[in-house]
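Treat the numbers as computed from the prediction; the structure is a model and nothing was measured.
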Amino acid sequence: MAEDADVLEIWVNPSCSKCRTATAALDEAGIAYVQRRYLDEPPTPDELEDLLRRLRLEPWDIARPGEARAAGVDLPRDAEHRGAWIAAMVAHPEMIQRPIVTATDGTAVVARDAGTLGDVVTAERSAHERRQAR
């Protein structure tokens with residue numbers, strides 16, 4: 001994940017139209033960000049755990065069902081299999097939903113819809129203004 005907490009990070013697949021829409025919205029809003037091409041640079045188990053903590057979700061909540069099936073992943077969605085989900089997502093990052101935005105306030109969202117993306121832009125603008133006022 002991005003080292004600098006003052007910079008938003010967005011996990012993208014460049015061929016994904018939702019990812020292109022999200023980065024275009026951030027560009028248009030003038031929000032600085034780091035792009036994480038997570039298919040080229042898969043997350044480590046610790047990074048995925050941190051992301052899930054920030055999202056307040058479980059791994060199966062951010063799994064793309066079609067890609068999971070294609071990867072041969074058919075695991076129960078329960079605490080006992082959580083580690084296996086993490087391992088599968090690290091081994092097959094295409095299973096991870098996209099785009100995922102890790103915000104400067106420590107939160108994260110799956111930003112597939114305009115409303116969520118708009119919330120990210122608003123929050124990041126406010127955070128930037130607060131940092132500038134210091």
Side-chain angles (χ1 to χ4, degrees):
M1 297 233 210
E3 298 288 322
D4 184 354
D6 287 341
V7 178
L8 176 145
E9 182 176 69
I10 182 168
W11 290 27
V12 299
N13 172 351
S15 66
C16 167
S17 63
K18 300 279 187 188
C19 294
R20 289 191 305 272
T21 297
T23 55
L26 295 172
D27 289 341
E28 184 176 312
I31 295 172
Y33 62 92
V34 173
Q35 219 178 92
R36 169 83 179 256
R37 293 182 177 207
Y38 69 96
L39 297 179
D40 298 332
E41 185 187 342
T44 65
D46 287 343
E47 287 175 320
L48 196 49
E49 287 283 4
D50 182 55
L51 177 67
L52 290 165
R53 179 190 55 74
R54 293 174 78 173
L55 286 165
R56 298 180 181 187
L57 295 173
E58 293 296 338
W60 48 86
D61 295 327
I62 64 166
R64 297 175 58 83
E67 282 80 351
R69 279 190 300 279
V73 177
D74 184 22
L75 296 165
R77 296 171 176 231
D78 60 27
E80 182 179 341
H81 294 89
R82 189 174 193 281
W85 274 98
I86 299 281
M89 293 175 117
V90 168
H92 304 282
E94 66 276 8
M95 288 175 48
I96 301 170
Q97 195 57 263
R98 61 192 184 250
I100 296 177
V101 175
T102 61
T104 58
D105 67 0
T107 62
V109 295
V110 178
R112 293 188 59 76
D113 62 272
T116 301
L117 192 52
D119 291 346
V120 167
V121 168
T122 299
E124 287 299 315
R125 281 182 175 156
S126 295
H128 178 74
E129 289 169 7
R130 283 191 304 276
R131 285 191 300 274
Q132 295 300 321
R134 290 185 203 158

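Looking only at side-chain heavy atoms (C-beta outward), Trp85 and Met95 come within less than 4.5 Å of each other. Side-chain contact between Arg36 and Pro43 is present, with at least one heavy-atom pair separated by less than 4.5 Å. Using a 4.5 Å heavy-atom threshold, the side chains of Thr102 and Asp50 count as separate. Pro45 is not listed as a side-chain neighbour of Glu49, based on a closest heavy-atom distance of 4.5 Å or more. The shortest distance between side-chain heavy atoms of Val109 and Asp119 does not fall below 4.5 Å. The shortest side-chain heavy-atom distance between Gln97 and Leu55 does not fall under the 4.5 Å cut-off. Here the side chains of Ile100 and Tyr38 are not in contact, with every heavy-atom distance at 4.5 Å or above.
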Legend entry - Audit row: Leu39, Arg98, side-chain contact (heavy atoms from CB on, under 4.5 Å) steps and yes/no: CA-CA 11 Å; Leu39 297 179; Arg98 61 192 184 250; 5.8 Å; no
Inset, instruction - Output, in order, the C-alpha distance, side-chain angles, deciding distance and verdict of side-chain contact (heavy atoms from CB on, under 4.5 Å) for Val120 and Leu8. - result: CA-CA 10 Å; Val120 167; Leu8 176 145; 3.8 Å; yes
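Looking at every heavy atom in both residues, Ala25 comes nearest to Val121 through O-CG2, 4.4 Å. Heavy-atom minimum distance, Ala103 versus Glu124: CB-OE2, 3.2 Å. Closest heavy-atom contact between Pro42 and Glu47: O-OE1, 4.2 Å. Between Ala111 and Leu117, the shortest heavy-atom contact is CB-CD1, 4.2 Å. Looking at every heavy atom in both residues, Tyr33 comes nearest to Asp27 through OH-OD1, 2.8 Å.
Tested against Ile96 for a side-chain contact (heavy atoms from CB on, under 4.5 Å), the candidates Arg64, Met89, Glu67 yield a single pass: Met89.
Classification of Glu9 and Arg54 as a salt-bridged pair fails, no side-chain N sitting under 4.0 Å from a carboxylate O.
Residues passing the salt bridge (Lys or Arg N to Asp or Glu O under 4.0 Å) test with Arg77: none are found, sequence neighbours excluded. With sequence neighbours left out, the side chain to side chain contact (heavy atoms under 4.5 Å, CB included) criterion links Asp61 to Leu57, Glu58. Listed by chain and number, the residues in a salt bridge (Lys or Arg N to Asp or Glu O under 4.0 Å) with Arg112 amount to none (sequence neighbours excluded). Taking the salt bridge (Lys or Arg N to Asp or Glu O under 4.0 Å) definition, one finds that Glu94 meets it with nothing, sequence neighbours left out. Remark: Arg20 pairs with no residue by the salt bridge (Lys or Arg N to Asp or Glu O under 4.0 Å) rule, at least two apart or across chains. Applying the side chain to side chain donor-acceptor pair (under 3.5 Å) rule to Glu41 yields no partners; only residues at least two apart in sequence or on another chain are considered.
If you take CG on Leu52 and CD1 on Ile62, they are separated by 4.5 Å, rounding to the nearest 0.5 Å.
Counted within 6.0 Å of CG on Asp74, heavy atoms from surrounding residues, nucleotides or ligands total 12 or fewer; the atom is thus considered open.
A donor and an acceptor atom, one from each side chain of Asp46 and Thr44, are nowhere located under 3.5 Å apart.
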